[in-house]
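Below is one structure; the comments refer to it alone.
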Amino acid sequence: MKIAIFSDIHANLEALEAVLADAEAQNCDSYICLGDVVGYNADPAACLEKVRGMGCPVVKGNHDQDCGHDTSLEMMNPVAAEALRWTREQLDPDQRTWLARLRMVRQVHDFTIVHSTLDQPNSWNYVTNKFDAMANFSYQVTPVCFYGHTHVPRVFLRDSRVQEIPAESITLEHGSKYFINTGSVGQPRDGDWRASYCIYNLDQHEVNFRRIEYDLKTAQKKILAAGLPESLAERIEHGR
Ligand code: ZN
């Protein structure tokens with residue numbers, strides 16, 4: 001069984017469609033979404049409907065939370081807040097309820113999925129180093145957990161100690177635990193503009209990282225046409 005696992009679409013329909021086409025070409029037979037379906041880019045409703053229509057497991061991201069509920073956006077950085085206000089207006093009540101009802105953590109087959117981290121999934125902490133990963137591992141009961149939120153592909157491994165290993169294709173060793181960030185579909189932040197996701201081959205115990213080119217220019221044009229902050233169109237070109 002090959003599962004396409006993707007996160008942080010952030011309303012980038014061009015990137016999502018390119019990832020799904022690649023997953024199909026790679027013979028993936030199921031799909032998992034790690035949250036932040038909406039926010040930042042110009043196609044929140046279309047991306048939401050696409051993911052909802054797939055009927056796959058989805059966990060809630062912080063942008064999903066902020067669009068599903070009328071949370072205060074005052075503490076947020078102004079560009080993200082502006083995009084969230086705009087996004088709320090693009091979604092109908094039914095779509096916002098779907099976001100609000102997403103679960104924070106799920107177990108699928110023999111692994112776990114979460115948007116941010118298992119130790120405090122409601123706090124939306126960022127796991128960017130092995131010390132953050134240690135806190136997660138103490139709550140991780142399955143050998144493998146996939147997460148998103150930082151928009152940077154990463155692999156943390158715990159055997160006798162916790163270490164970070166390169167986010168490349170890996171074969172999972174029995175007895176070790178893995179905390180794996182798939183990177184972001186719609187707004188990568190590792191300096192590579194291409195959409196990022198993972199394919200988990202359950203039979204081969206392999207995780208493959210994929211980077212997919214998509215129609216960046218169209219995605220940028222839509223951001224500007226929607227009146228969203230220009231910086232959002234700029235950053236997806238640089239992967240920042
Ligand atoms: Zn995100």
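For ligands, and for the atoms within them, numbers begin at 1 and follow the listed sequence. For the numbers below, each heavy atom of this structure counts, side chains included, while hydrogens, waters and symmetry mates do not.
- The nearest N, O or S atom of His149 is not closer to the Zn ion (ligand 1) than 2.8 Å.
- Centred on the Zn ion (ligand 1), the NE2 atom of His10 and the OD2 atom of Asp36 lie at an angle of 90°, reported to 10°.
- With respect to the salt-bridge test (charged N to carboxylate O, under 4.0 angstrom), the residues Glu14 and Lys217 do not qualify.
- Ring planes of Phe146 and Tyr200: tilted class, angle from 30 to 60°.
- Between Arg154 and Asp190 there is no salt bridge, since no side-chain N of the basic residue sits under 4.0 Å from a carboxylate O of the acidic one.
- Taking the centre of each ring, Tyr126 and His149 come in below the 6.0 Å mark.
- In terms of distance to the Zn ion (ligand 1), the nearest N, O or S atom of Asp8 is named OD1.
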